[in-house]
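What follows is a single structure, written as structure tokens, with notes after it.
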Number of protein chains: 2
Amino acid sequence: MASVFPIAELRRSSDPLAWVDSIIKGDCVSALEALPDKSVDVIFADPPYNLQLGGALHRPDQSVVDACDDEWDQFASFEAYDAFTRAWLLACRRVLKPTGTIWVIGSYHNIFRVGATLQDLNFWILNDIVWRKTNPMPNFKGRRFQNAHETMIWASPDPKAKGYTFNYDAMKASNDDVQMRSDWLFPICSGGERLKGDDGKKVHPTQKPEALLARILMASSKPGDIVLDPFFGSGTTGAVAKRLGRHFVGIEREQDYIDAASARIAAVEPLGKVELTVLTGKKAEPRVAFNVLLEAGLVKPGQVLTDIKRRHSAIIRADGTLTANGEGGSIHRMGAKVQGLDACNGWTFWHVEEEGALKPIDDLRSVIRSRMGGLE
Amino acid sequence: MASVFPIAELRRSSDPLAWVDSIIKGDCVSALEALPDKSVDVIFADPPYNLQLGGALHRPDQSVVDACDDEWDQFASFEAYDAFTRAWLLACRRVLKPTGTIWVIGSYHNIFRVGATLQDLNFWILNDIVWRKTNPMPNFKGRRFQNAHETMIWASPDPKAKGYTFNYDAMKASNDDVQMRSDWLFPICSGGERLKGDDGKKVHPTQKPEALLARILMASSKPGDIVLDPFFGSGTTGAVAKRLGRHFVGIEREQDYIDAASARIAAVEPLGKVELTVLTGKKAEPRVAFNVLLEAGLVKPGQVLTDIKRRHSAIIRADGTLTANGEGGSIHRMGAKVQGLDACNGWTFWHVEEEGALKPIDDLRSVIRSRMGGLE
DNA sequence: GCTATGACTGAATCCCAGA
DNA sequence: GTCTGGGATTCAGTCATAG
């Protein structure tokens, strides 16, 4: 079972990390205020949508649609909703690390207000992501397009924030080697995944699919990160975080939801270390400078480098720089210079000849890296 | 040629309908104020996005992206942008018939502010529609998801407005007899459709595809309706309206855009009654990436994949990549790697064991495709 | 005439470690 | 905090030219 703390009890706790992997019971903003500054890596928030339903909705067969008409989804006005949004986003900003990011999901009823408030609070939007539903509810009256998607906003806490996690290479590799787009296709949460009470009724009206959270956490967090969900509900965020080797903390007011989420998370088995390893690209590889190749004897002073078409050439100097046309500089500077460009990746531009074939000097780096055997 | 009126000349005109099928030259709000109350049926607005771009962006080949850095897209602050948005939306509301509707297109840079302002002004949002681009620009630095869509908001001028046009049956009939969804797939405007100047350069930085406007007008207007575009630009709205037998009125400040739009519209031949059927978007082969199998639970992290002869094996990781012999990569890269080849089709190479028999993971894709019901 | 290759392009808020 | 410089990074499509 995940630990559950009323806010007051959490405040009294002597353990400064008591809240990790637990559910805090209470009001969202008050609970956030009990957490330390800059302590969480990722926030996923599924706030009330402020659905403005004008009475019951009937299907063509006159059955009534089980709409989300819970008390917590009712706001007196846009102003009240904006004030609420501002308050919880401000509280989230404080607990978010400078390198962290926040996700908020919503529909057209509320997402525009959330997005504008994020911008007003100086969050920096990285993407808006569209969750396309494979099986959305039809529009029964035939007066609108079928509302077949929801929108998520992914943002960093500051326009200048740079170090946020985005597992670009893993996303691309798992997507048939093309970069992941901003439109995602998933089924809604139904069937065995949907939590049901003893009465067979759904426990929570807006339970999100685990696949959606899995993509979010795989994209924007690392194993061991702390993931906060200020509107925990049925605990999808916690269940997925635990399975993926992330820590979680949830905030929820309703005891029924807390009970369901707590039991759900307890049943989750975390994946192992091998399965959780995230694919990284060149950026994560240890740096190998050009002079290391020289010192290892993989290239030699006086040797000629050319581009793949043999249109440009340069000579290696003993100090690890190149020279061409009477000028000298690093492999990158000289690659740029001979092409008349501002910048150039010398590792992929310059080639050496081996057995009649040209191969990029970048290949020589991997020789060095394998010799290092993971050491630096 | 479409008639072109400076605002002052329009005001002096004795013909109360002089503005129909014409372009009004001048500031958006001033021009709107020269039009009669409740006189247009549909508004399509493509306002400045307020992109807030930093320095130049280079492609990996070092070429520079031709950014939209025009003066008309620059705003001093969100407050300035909001004031601008409020002003033109208020002016639009006055000229819109009570049975009319408005469409506004934008990206995450501005659409949240537009949507919130629409709600503040008591417009009633009917749908938000996602334009999924078949061929969006990539994210060159690998720091975000590829920004592959734009968002449109469709709204009526009042929560109680009831008589708006929505050609539900035509939309459904043109969509394989299922309801038209809120996510639409179209290519960006390029090739022969893109207006070019004598210098071969694009006339307008943000010309929208005619197919998008055709879908909008076929869905939400009737032949003979008047369609207003307060940010006329290259005149896509006018060209499509004329072709579809609707009247148009455009507002534009820049003479270059007016000249191009005017000539463009003059060349349009209206369709006959019979041809006025709804145009459908692009239907593509559903592309199912490996992560979709994972997210759907058809394969699991930790599961072992082998080739058909069980000579090679690899383990599935949670990020949708494979690992073997301490290395990782996509199903294709790892298929190639274990065989010592340059390339490999991972879909046919890797197999899962089911009831003692091996079956290629490609077979699992058909399960997904049937679940997706033709969605891509 | 047909195919292959390469150049070019699109509403883009696009790096980061170390000095 | 700023500045320097190593070096990492792209998809779908059109069009012109070469073979």
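Only heavy atoms go into these numbers, but all of them, side chains included; no hydrogens, no water, no symmetry mates. Note that the structure is a prediction, hence the values are computed from the model and not measured. Residue numbers start from 1 in every chain, and the chains themselves are labelled A, B, ... in the order their sequence lines are given, proteins ahead of strands.
- Neither side chain, A/W131 nor A/T151, offers a donor N or O lying under 3.5 Å from an acceptor on the other.
- Closest to the B/K141 side chain, of the nucleotides D/dC11, C/dC15, C/dG10, is C/dC15.
- Checking C/dT9, C/dC16, C/dA11 against every side-chain atom of A/K162, the shortest atom distance belongs to C/dC16.
- At distances below 3.5 Å, at least one donor-acceptor pair connects side-chain atoms of B/R365 with backbone N or O atoms of B/V288.
- Considering only side-chain atoms of B/A67, the nucleotide from C/dA12, D/dG7, C/dA11 that sits closest is C/dA12.
- Between A/K172 and D/dT10 there is a side-chain N or O to OP1 or OP2 distance below 4.0 Å.
- Across all strands, A/K309 comes closer than 4.0 Å only to sugar-phosphate atoms, never to a base (heavy-atom distances).
- A residue-by-residue look at A/D362 and A/Q179 shows that A/D362 has its nearest nucleotide of DNA chain D further toward the 5' end.
- With no hydrogens or angles considered, no side-chain donor-acceptor pair links B/R144 and A/S182 at under 3.5 Å.
- Rounded to whole Å, atom P of D/dA8 lies 9 Å from atom CD1 of A/I331.
- Counting non-hydrogen atoms under 4.0 angstrom, B/D73 reaches a base of the nucleic acid.
- Salt bridge status for B/E150 with B/K133: present, with a side-chain N to carboxylate O gap under 4.0 Å.
- For D/dG6, neither phosphate oxygen OP1 nor OP2 lies less than 4.0 angstrom from any side-chain nitrogen or oxygen of A/H332.
- Atom NZ in A/K282 sits about 17 Å away from atom C1' in C/dC16, given to the nearest Å.
- C/dA7 atom C1' lies 11 Å from atom CZ of B/R59, rounded to whole Å.
- Residue B/T206 is in base contact, counting any heavy-atom pair closer than 4.0 Å across all strands shown.
- In this structure, B/K202 reaches the C/dG10 phosphate: one of its side-chain N or O atoms is under 4.0 Å from OP1 or OP2.
- The distance from atom NZ of A/K283 to atom C1' of D/dT9 is 6 Å, rounded to the nearest whole Å.
- Comment: A/D177 does not engage B/R333 in a salt bridge, judged by the lack of any side-chain N to carboxylate O separation of less than 4.0 angstrom.
- Ion pairing between a basic and an acidic side chain is recognised when a charged N comes within 4.0 Å of a carboxylate O; B/D66 and B/K202 show such pairing.
- For the OP1/OP2 pair of D/dC11 and a distance below 4.0 Å, the side-chain nitrogens and oxygens of B/N135 include no atom meeting the criterion.
- Side-chain N/O atoms of A/S330 include one lying less than 4.0 angstrom from OP1 or OP2 on D/dG6.
- If you check every strand for non-hydrogen atoms under 4.0 Å, B/P47 touches a base.
- Distance check on atom P: D/dA8 versus C/dG10 gives 28 Å, rounded to whole Å.
- A/C344 comes within contact range of at least one nucleobase, with a heavy-atom separation under 4.0 Å.
- Of the two residues contacting DNA chain C, namely B/R143 and A/F123, the nearest-nucleotide position lying further toward the 5' end is that of A/F123.
- Using a 4.0 Å cut-off between a side-chain N of Lys or Arg and a carboxylate O of Asp or Glu, B/E193 and B/K208 do not qualify as a salt bridge.
- Nucleotides C/dA7 and C/dA11 place their P atoms 23 Å apart, quoted to the nearest Å.
- Base engagement by B/Q62 is indicated by at least one non-hydrogen atom pair under 4.0 Å involving a base atom.
- Put simply, the side chain of B/Q207 gets close to the backbone of B/L195: a donor and an acceptor are under 3.5 Å apart.
- Nucleotides C/dA12 and D/dG7 are separated by 30 Å at their P atoms, to the nearest Å.
- Checked by distance alone, A/R333 brings no side-chain donor or acceptor within 3.5 Å of a matching partner on the base of D/dG7.
- Heavy atoms of B/D46 sit under 4.0 angstrom from at least one base atom.
- Taking atom CG on B/N139 and atom P on C/dA11, their separation rounds to 16 Å, with Å as the unit.
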Annotated structure of DNA chain C as dot-bracket, pair cut-off 3.5 Å, Watson-Crick or G-U only, | for inter-strand, is .|||||||||....|||||

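- Among the atoms of the strands shown, none is found under 4.0 Å from any heavy atom of A/P159.
- Each of A/K160 and B/G191 lies near DNA chain D, and the nucleotide nearest A/K160 is the one positioned closer to the 5' end.
- A heavy-atom distance below 4.5 Å is not found between the side chains of A/H312 and A/T306.
- Closest to the B/L57 side chain, of the nucleotides D/dA8, C/dA12, D/dC11, is C/dA12.
- Donor-acceptor pairing under 3.5 Å is lacking for the side chains of A/Y108 and B/N127.
- B/G55 comes within contact range of at least one nucleobase, with a heavy-atom separation under 4.0 Å.
- Of the candidate nucleotides C/dG10, C/dC14, D/dT10, C/dC14 has the atom nearest to the side chain of B/R144.
- One atom, CG of B/N147, and another, C1' of C/dT9, lie 17 Å apart when rounded to the nearest Å.
- Checking the phosphate oxygens (OP1, OP2) of C/dC14, no side-chain nitrogen or oxygen of A/Y164 falls inside 4.0 Å.
- Contact annotation: B/R287 side-chain N/O to D/dC11 OP1/OP2 distance is not under 4.0 Å.
- Using a 4.0 Å heavy-atom criterion, one finds that A/G346 contacts no nucleic acid atom at all.
- Taking the C1' atoms as reference points, C/dC16 lies 16 Å from D/dG1, given to the whole Å.
- Mapping B/P138 and B/Y49 onto DNA chain C by nearest heavy atom places B/Y49 at the nucleotide closer to the 5' end.
- There is no side-chain donor-acceptor pair under 3.5 Å between A/Q179 and A/N175.
- Here D/dC11 presents its P atom at 12 Å from CZ of A/R181, a figure rounded to the nearest Å.
- The distance between atom CH2 of A/W347 and atom P of D/dG6, rounded to the nearest whole Å, is 11 Å.
- Across all strands, A/A289 comes closer than 4.0 Å to no nucleic acid atom at all (heavy-atom distances).
- Using a 4.0 Å heavy-atom cutoff across all strands shown, B/V65 reaches at least one base atom of the nucleic acid.
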